[in-house]
Amino acid sequence: MRISINANRCEPSPMRKFHPYAVEAEKKGRKIFHLNIGQPDLKTPEAYYAAIRQYNEETLEYAASPGMPILIDQIRDYYGRLGVELSQEDVLVTTGGSEALLLTCLSILDPYTEVIIPEPYYPNYTTFVHAAGGVIRALPTSPEDGYRYAYKERIESLITKNTRAILITNPGNPTGVVLTEEEMRMIADIAKKYNIYLICDEVYREFCYDEECGVPTMGRFADIADNLVIIDSVSKRFSACGARIGCVVTKNKELQQALLKFCQSRLSVATIDQIGAAALYSVDHEFFVRSKQEYRKRRDTVVGLLRQIPGVMVEEPMGAFYVMATLPVDDTNKFQYWLLEEFHDQNETVMFAPGAPFYETPGKGINEVRIAYVLKESDLVRAIDLLGKGIKQYRQQVMGLDE
């Protein structure tokens with residue numbers, strides 16, 4: 001029986017909190033500092049819970065397949081404040097950003113059609129593209145170049161007669177790369193020139209640490225309306241990952257109809273969570289200001305401490321709440337299992353996300369990691385301390401290096 005999903009990525013994900021090795025370590029009484037998952041620890045705005053408590057309909061009915069008007073209108077108002085005018089038909093509510101990406105891939109891809117994605121990238125993109133029968137054409141980057149990918153010649157060199165889309169995350173997961181206005185315009189022009197889709201995962205757009213970037217969105221380029229698909233979610237923006245509310249934003253009428261068929265096939269997104277999510281969009285702007293300040297402080301702490309560990313290479317991320325780092329070990333996946341099975345300091349250890357699953361190209365990322373700086377500052381300090389101690393011990397005990 002043929003399985004279309006890449007088998008190399010089907011082992012337990014290191015981005016899960018309840019990874020089997022982590023569960024076993026915790027059974028031994030170990031405390032684990034989880035730098036491996038992008039679960040914000042900031043308080044979810046009270047508006048979400050208040051809206052749910054006030055919901056008192058006698059029957060909990062199906063919602064409309066495209067999404068509830070109360071939520072769609074709030075999303076439209078939000079984009080209006082970003083300078084992007086949307087009609088109700090331009091927004092389809094989904095069960096998180098993940099479903100938004102999956103339905104988009106199922107709608108635009110046929111077997112063996114291609115999607116260009118800068119690597120490293122969020123590993124679930126592989127699942128979504130392969131589920132639709134598509135093929136990923138990786139756009140290479142390097143740690144030495146800060147993982148930047150917006151180079152016209154490099155992108156165009158990957159375009160073939162089978163190319164259907166370019167898929168980017170801005171700000172980036174796992175790299176924290178933020179595109180400049182000029183880079184965004186260049187990529188938009190490529191999509192327009194070759195008449196392909198530009199899928200922009202913008203779930204981290206509020207977290208840009210260079211104030212000149214503002215709140216970036218490809219939606220401001222009105223001339224690519226038929227090419228553009230924006231993926232959005234309340235998960236990261238409002239620290240509400242468990243709400244599972246996302247959306248696809250597109251003005252392409254043909255794509256809207258294809259997406260709507262999938263929305264109808266799964267009937268509707270949870271009514272209660274849509275009610276709560278609609279209230280989130282009324283949160284005061286100061287919420288985002290405070291959130292960004294907190295993440296910037298955590299970023300500075302993590303990057304500063306990583307640079308103190310001998311042999312670690314790290315560039316300062318300009319957005320999201322992740323950092324990619326190169327470690328002086330032979331294999332970060334092997335190193336992670338060793339940290340969970342063999343290492344502890346005062347009965348504490350640390351988890352990160354090994355780098356290889358973020359790459360399509362075999363052999364890349366083997367000594368890289370993604371760190372999510374979503375813990376409070378004191379925990380981050382301890383976590384990086386554990387990482388440094390673990391690296392030193394691993395190099396001596398496993399790699400046999402005399403230091």
Item checked: CA sep, side-chain torsions, deciding dist, call: Arg298, Asp379, salt bridge (charged side-chain N to carboxylate O under 4.0 Å, His left out) -> CA-CA 10 Å; Arg298 295 178 181 188; Asp379 284 350; over 6 Å; no
Item checked: side-chain contact (heavy atoms from CB on, under 4.5 Å) partner of Cys208, the single match among Asn170, Val215, Val178 -> Val178
Check: Taking only residues two or more places apart in sequence, or in another chain, which ones meet Glu211 in a salt bridge (Lys or Arg N to Asp or Glu O under 4.0 Å)?
Finding: Lys292, Arg296
Next item on the list: Using a strict cut-off of less than 4.0 Å between a Lys/Arg side-chain nitrogen and an Asp/Glu carboxylate oxygen, indicate whether Arg185 and Asp189 qualify as a salt bridge.
Entry: yes
Next item on the list: Determine yes or no for a side-chain-to-main-chain donor-acceptor pair under 3.5 angstrom, with Lys236 supplying the side chain and Gly38 the backbone.
Entry: yes
Notebook entry, point to check: Could you give the distance from SG (Cys213) to CG (Asp210), rounded to the nearest 0.5 Å?
Noted result: 4.5 Å
Notebook entry, point to check: Which pair of heavy atoms, one from Cys241 and one from Pro40, lies closest together, and at what distance?
Noted result: SG-CD, 3.5 Å
Notebook entry, point to check: Which heavy atom of Pro216 sits nearest a heavy atom of Glu202, and at what distance?
Noted result: O-OE1, 4.0 Å
Next item on the list: Mind checking ring pair (Phe, Tyr, Trp, His ring centres under 6.0 Å) for Tyr295 and listing every partner two or more places apart, or none if nothing turns up?
Entry: Phe207, Phe321
Next item on the list: Ignoring hydrogens and angles, tell me if any N or O in the side chain of Thr332 forms a donor-acceptor pair with the backbone of Asn367 under 3.5 Å.
Entry: no
Margin query: Donor-acceptor check, side chain of Thr163 to backbone of Ala165, threshold 3.5 angstrom: yes or no?
Written below: no
Check: Among pairs that include at least one residue of residues 254-266, which meet salt bridge (Lys or Arg N to Asp or Glu O under 4.0 Å), considering only residues two or more places apart or in two chains?
Finding: Glu99-Arg266
Margin query: If the threshold is 4.0 Å, N to carboxylate O, is there a salt bridge linking Glu24 and Lys27?
Written below: yes
Item checked: Closest contact, heavy atoms only, Thr250 versus Leu228 -> OG1-O, 3.0 Å
Margin query: I'd like to know if the side chain of Asp90 and the backbone of Ser87 have a donor-acceptor N/O pair within less than 3.5 Å.
Written below: yes
Notebook entry, point to check: Strictly by modelled atom types, are Tyr147 and Glu368 linked by a side-chain donor-acceptor pair under 3.5 Å?
Noted result: yes
Next item on the list: Could you tell me which residues satisfy side chain to side chain contact (heavy atoms under 4.5 Å, CB included) with Arg30, sequence neighbours excluded, listed by chain and number?
Entry: Ala25, Lys28, His344, Asn347
Margin query: Treating Arg395 as the side-chain partner and Pro328 as the backbone partner, does any N or O pair qualify as donor plus acceptor under 3.5 Å?
Written below: yes
Item checked: Spacing of Met318 atom CE and Tyr209 atom OH [to the nearest 0.5 Å] -> 9.5 Å
Item checked: Taking every non-hydrogen atom, the tightest pair across Ala63 and Ser268 -> O-CB, 3.2 Å
For residues 133-144, dump all side-chain donor-acceptor pairs below 3.5 Å to protein atoms at least two apart in sequence or in another chain.
unit_1, atom_1, unit_2, atom_2, d
Arg137, NE, Leu158, O, 3.4
Arg137, NH2, Leu158, O, 3.3
Thr141, OG1, Glu119, O, 2.6
Ser142, OG, Asp145, N, 3.2

Item checked: Charged N-O contact under 4.0 Å between Arg382 and Glu348 -> yes
Check: Ignoring hydrogens and geometry, is there a side-chain-to-backbone donor-acceptor pair from Thr44 to Ser239 under 3.5 Å?
Finding: yes
Notebook entry, point to check: Nearest heavy-atom pair of Ile37 and Val374: which atoms, and what distance?
Noted result: O-CG2, 3.5 Å
Note to self: Ring of Tyr79, cation from Arg76 - is the NZ or CZ under 6.0 Å from the centre and inside 45° of the axis?
What the structure shows: no
Note to self: Please report the interatomic distance CG(Leu387) to CZ(Phe335), rounded to the nearest 0.5 Å.
What the structure shows: 5.5 Å
Next item on the list: Decide yes or no on salt bridge (charged side-chain N to carboxylate O under 4.0 Å, His left out) for Asp330 and Lys334, but give the supporting numbers first.
Entry: CA-CA 8 Å; Asp330 54 354; Lys334 185 173 139 186; 3.2 Å; yes
Item checked: Pair Glu89 + Lys251: basic N to acidic O under 4.0 Å -> no
Item checked: Verdict with supporting geometry, Lys152 and Glu156, salt bridge (charged side-chain N to carboxylate O under 4.0 Å, His left out) -> CA-CA 6 Å; Lys152 185 173 185 289; Glu156 288 191 320; 3.1 Å; yes
Check: Mind checking what makes ring pair (Phe, Tyr, Trp, His ring centres under 6.0 Å) contact with Tyr197, not counting sequence neighbours?
Finding: none
Considering only distance and modelled atom types, tabulate donor-acceptor pairs under 3.5 Å from the side chains of residues 273-289, sequence neighbours left out.
unit_1, atom_1, unit_2, atom_2, d
Asp273, OD1, Tyr48, OH, 2.3
Gln274, OE1, Met68, N, 2.8
Gln274, NE2, Val269, O, 3.0
Ser282, OG, Ala279, O, 2.5
Asp284, OD1, Glu286, N, 2.8

Margin query: Does Tyr121 form a side chain to side chain donor-acceptor pair (under 3.5 Å) with Thr126? I'd like the steps, not just the answer.
Written below: CA-CA 9 Å; Tyr121 57 82; Thr126 297; 3.0 Å; yes
Item checked: Check: Phe352 main-chain N/O paired with Asn36 side-chain donor or acceptor under 3.5 Å -> no
Next item on the list: Look at the aromatic rings of Tyr125 and Tyr122 and report parallel, tilted or perpendicular, splitting at 30° and 60°.
Entry: perpendicular
Check: Rounded to the nearest 0.5 Å, what separation is found between the CE atom of Met184 and the CZ atom of Arg220?
Finding: 7.0 Å
Notebook entry, point to check: Is the backbone of Glu61 close enough, under 3.5 Å, to the side chain of Thr271 for a donor and an acceptor to pair up by distance?
Noted result: yes
Checklist line | Set of residues satisfying salt bridge (Lys or Arg N to Asp or Glu O under 4.0 Å) with respect to Asp232, sequence neighbours excluded | finding: Arg205, Arg237
Next item on the list: Might you work through the salt bridge (charged side-chain N to carboxylate O under 4.0 Å, His left out) test for Asp345 and Lys31, ending with a clear yes or no?
Entry: CA-CA 10 Å; Asp345 180 69; Lys31 177 178 180 179; over 6 Å; no
Next item on the list: Using modelled atom types only, decide if a donor and an acceptor are shared between the side chain of Ser107 and the backbone of Leu255 within a distance under 3.5 Å.
Entry: no
Check: Between OG of Ser65 and CD of Gln264, what distance do you get to the nearest 0.5 Å?
Finding: 5.0 Å
Check: For the residue pair Pro118 and Leu167, what are the closest heavy atoms and their distance?
Finding: CD-O, 3.2 Å
Next item on the list: Just grab all the ring-ring contact (aromatic ring centres under 6.0 Å, His included) pairs involving residues 155-195, residues at least two apart or on different chains.
Entry: none
Notebook entry, point to check: With Tyr322, which of Tyr204, Tyr373, Phe358 fulfils ring-ring contact (aromatic ring centres under 6.0 Å, His included)?
Noted result: Tyr204
Check: Within the side chain of Thr175, is there an N or O that forms a donor-acceptor pair under 3.5 Å with the backbone of Gly172?
Finding: no
Checklist line | Inter- and intrachain pairs under ring-ring contact (aromatic ring centres under 6.0 Å, His included), touching residues 157-180, at least two apart | finding: none
Margin query: Among residues at least two apart in sequence or on other chains, which ones pass ring pair (Phe, Tyr, Trp, His ring centres under 6.0 Å) with Tyr149?
Written below: none
Check: So, Arg164 and Asp110, do they make that salt bridge, N to O below 4.0 Å?
Finding: yes
Next item on the list: Scan residues 301-318 for pairs that pass side chain to side chain donor-acceptor pair (under 3.5 Å), counting only residues two or more places apart or in two chains.
Entry: Thr301-Glu377
